[in-house]
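Reading through the structure tokens given below for one structure.
Computed from a prediction, not measured in an experiment: that's the story for all the values here. Letters A, B, ... mirror the listed sequences (proteins, then strands); counts begin at 1.
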Protein chains: 2
Amino acid sequence: MSGAQSMGMELPLDQILRGECVETMRGLPSGSVDCIFADPPYNLQLRGELRRPDDSLVDGVDDDWDKFTDLQAYDKFTRDWLTEAHRVLHKDGTMWVIGSYHNIFRIGAILQDLGFWILNDIVWRKSNPMPNFRGRRFTNAHETMIWVAKSETSRYRFNYQAMKALNDDVQMRSDWYLPLCTGNERLRNEHGLKLHPTQKPESLLHRVILASTAVGDVVLDPFTGTGTTPAMARRLRRRFIGIERHPDYVAAARDRVEREVPLAEDAVQATPDKRETPRVPFGSLVEQGLIGAGVALCDKKQRVQATVAPDGTLVSGTKRGSIHKMGAMLTNAPSCNGWTFWHFERNGELLPLDVLRQESLALAQQTMEMALQTAVG
Amino acid sequence: MSGAQSMGMELPLDQILRGECVETMRGLPSGSVDCIFADPPYNLQLRGELRRPDDSLVDGVDDDWDKFTDLQAYDKFTRDWLTEAHRVLHKDGTMWVIGSYHNIFRIGAILQDLGFWILNDIVWRKSNPMPNFRGRRFTNAHETMIWVAKSETSRYRFNYQAMKALNDDVQMRSDWYLPLCTGNERLRNEHGLKLHPTQKPESLLHRVILASTAVGDVVLDPFTGTGTTPAMARRLRRRFIGIERHPDYVAAARDRVEREVPLAEDAVQATPDKRETPRVPFGSLVEQGLIGAGVALCDKKQRVQATVAPDGTLVSGTKRGSIHKMGAMLTNAPSCNGWTFWHFERNGELLPLDVLRQESLALAQQTMEMALQTAVG
DNA sequence: GAAAGTCTTGAATCTTGGG
DNA sequence: GCCCAAGATTCAAGACTTT
């Protein structure tokens, strides 16, 4: 699954690389990173020239395109780094790009043009935004992140259950309410001034990484700044590659990452999705004697019934099939999850088959641990 | 100020015109409307059918008007109608365009290309969005509106005080929390089925018109549908021009507008919304670092214990769940308020989690007030 | 008649692994 | 690559029905 693992090549893991974004990405192998988080510059207010948030001038006036307006220069800059990001991303990888109304629409359009497949646009609602000083517009209280897969067919990672758990057991929505980066979290220089103008809050990256990566995955940040992405990757036991051109930021980010203590291994385990737990064929439960052949099953409301056959199929009248097929057939549904549909009786209570699956998995876990102890002892 | 007044020409005021969007706009004089609200097709590109977990079928948008061959075709369509809209708009006028991630980035980029000047992007947060049934993405819980002036130099209208009053006397933010159009407000045909697949809520247009127009201003809607914009314009004593090509929708919109009673002249003022109370998921406290992953919790009498996971669940042995579920499970109670049940240690004292929730809310309140003071001072 | 329970529905790019 | 079967998956409102 992990891009780094599948490559078998040298990746500069857990490092902040100093250099230009596009040029440095060119040194990385194709399909080598599992996830990218990018916070590109969007200083578009200046007329005739394009500057990064650190006030450095983007070299946008080339012979070829000095006739372009600055919007077009920004588009070229965007297309260049996104093209390289697309190449470096694993075929099942995803990318997050954050921006404001100044640049996010251009980024979104170019993402689509390059074949990225949009999964969500996420709104970061700021709990403490800067008010609109002159009262001429609505308070600009949010920024937008676009979450894309490398292609429409990518089998991307989304830790659905972890996100649901994080939100009091209801689906996580596309609007996230999080505070700005302030207080002690904000890196400052010796004069007490903020080191970076757009340092992102750790809570934002915490959620991004927890949602879309697994422990050990490689996370790339091509505009690392003061290293929020690497720091959170390290905390959550992911690998990281940071790219940053400004030496002051590189130094600050390296410092910061070194100070970051990874969480204990058992503390980074978020709620796993059911899709990740090993499959248990229903027939194996019969073999193990967790449920006997001949036992009668029914749905929760006891409207339909069936009997367990020794090969793990269900029989009802002349009909026979898997727990899923039979559930679908008897309810005229297009499909059915037999594990939650069918129930059996235990101590006068109706329990879903899923209970047996859990018990089977727990049993397997137990014997595995016992085997390990025996081996050690 | 008003485009209509300054023209001294005949405008088809307070009418729903039947016709194609671009062609019909061509019949309107340049610079003749004060405000445009546009809800163009989203280019959803839906594939097969989608079913809810209970196997019921979702009634998706499959209308012909939302079918485009590719992104280029959609871009051309967009550029065409936006060009005409730009011509028709008064030099000091503003326009609102609503969309989702499928189309809004292309629209935003083209708006900038055509010289429109972005004032805000506004997020309509839906109080009751459709969930993501397959658990493969975040709930798509919002749509985006881009608010633009005709040009950078437009002296546009923004009713700042009205918006502030509407929001309990604090600046209106760029994220609006409003319900979908349902119930009696939703227009239905003789079979009780929704007349239009994407009817917008009146509350949304109410706020848009109140924010950006004066009494008597001319509001144009080039994709009128069932006439929400004309109806709200009439209610708020603005003039309107609607354009719609489907005769059924034209008939419904005309009917609707006729039934709409304009507010009394002295009543065309802000009506306050109900205030939302912020809910704090336990997971967000972990993200914000108010409590760390790996921290040990216990009940007041220290009979049961559990550890905090990075997604805000608690773990105890092989058991895992929300703070509420785990409290209930470990005490064999039917339910449990995790906020008051679980305690953590601070300075040798056992404090309930609720303390952290209070601190989180107070923190958000504080930073908000500081920001406002800065703005005023 | 009130309260509690059931049903319906909304701009949706909505699965995955093995043969 | 395709095909097929296993199997994972929903929240808030409002209308409607039953107790």
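Among the heavy atoms of the strands, none lies under 4.0 Å from B:D63. The residue B:C181 sits apart from the nucleic acid: no heavy atom pair falls under 4.0 Å. Within the 4.0 angstrom heavy-atom criterion, base atoms lie near B:P129. Within the 4.0 angstrom heavy-atom criterion, base atoms lie near A:I118. Nucleic acid contact class of B:K200 (heavy atoms, under 4.0 Å, all strands): base. At the heavy-atom level, B:D66 lies under 4.0 Å from base atoms of the strands shown. Within 4.0 Å (heavy atoms only), B:P40 reaches at least one base atom of the nucleic acid. Within 4.0 Å (heavy atoms only), B:S127 reaches sugar-phosphate atoms of the nucleic acid but no base atom.
Residue B:R136 places at least one side-chain N or O under 4.0 Å from the OP1 or OP2 atom of C:dT16. Note on B:K126: every side-chain N or O is 4.0 Å or more away from OP1 and OP2 of D:dC11. For A:H324 and D:dA6, the shortest distance from a side-chain N or O to OP1 or OP2 is not below 4.0 Å. Look at A:R173 and you won't find any side-chain N or O under 4.0 angstrom from OP1 or OP2 of D:dC11. OP1 or OP2 of C:dA11 sits under 4.0 Å from a side-chain N or O of B:R186.
For the P atom pair drawn from D:dC4 and C:dT13, the interatomic distance equals 28 Å after rounding to whole Å.
Checking D:dA8, D:dA13, C:dA11 against the side-chain heavy atoms of B:W65 singles out C:dA11 as nearest. Among the nucleotides D:dA6, D:dT9, C:dA11, the one closest to any side-chain atom of A:K325 is D:dA6. Closest approach to the A:T340 side chain among D:dA12, C:dT16, D:dT9 is made by D:dT9 (side chain taken as heavy atoms from C-beta onward). Among the nucleotides D:dA8, C:dA11, C:dG10, the one closest to the side chain of A:W339 is D:dA8. For B:N140, the listed nucleotide lying nearest its side chain is C:dT13; candidates were D:dA13, D:dA8, C:dT13.
Residues B:L111 and B:I118 have side chains not in contact (no heavy-atom distance under 4.5 Å, counting atoms from C-beta outward).
One interatomic measurement links the two molecules: NZ of A:K274 to P of D:dT9, which rounds to 6 Å at whole-angstrom precision. We find that CD of A:Q171 is positioned 12 Å from C1' of D:dA8, with the value rounded to whole Å. Here the P atom of nucleotide C:dT15 and the CZ atom of A:F158 are 14 Å apart, to the nearest Å. Counting to the nearest Å, the C1' atom of D:dT9 and the CZ atom of B:R137 are 15 Å from each other.
A donor-acceptor pair under 3.5 Å links the side-chain atoms of A:K150 to the main chain of A:H86, judged by distance alone.
Using a 4.0 Å cut-off between charged nitrogen and carboxylate oxygen, A:K301 and A:D299 do not count as a salt-bridge pair.
Look at A:W117 and the base of C:dT13; the rings stack, centres closer than 5.5 Å and planes less than 30° apart.
Geometrically, A:R125 does not engage A:W176 in a cation-pi contact defined by less than 6.0 Å to the ring centre and at most 45° from the axis.
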- Task: Could you check B:W81 against B:F223 for ring-ring contact (aromatic ring centres under 6.0 Å, His included), going step by step and ending with a plain yes or no?
- Result: CA-CA 10 Å; B:W81 77 259; B:F223 305 96; 5.1 Å; yes

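A perpendicular orientation is assigned to the rings of A:Y156 and A:W147, their planes being inclined by more than 60° (bins at 30° and 60°).
Mapping A:S322 and A:Q161 onto DNA chain D by nearest heavy atom places A:S322 closer to the 5' end of the strand.
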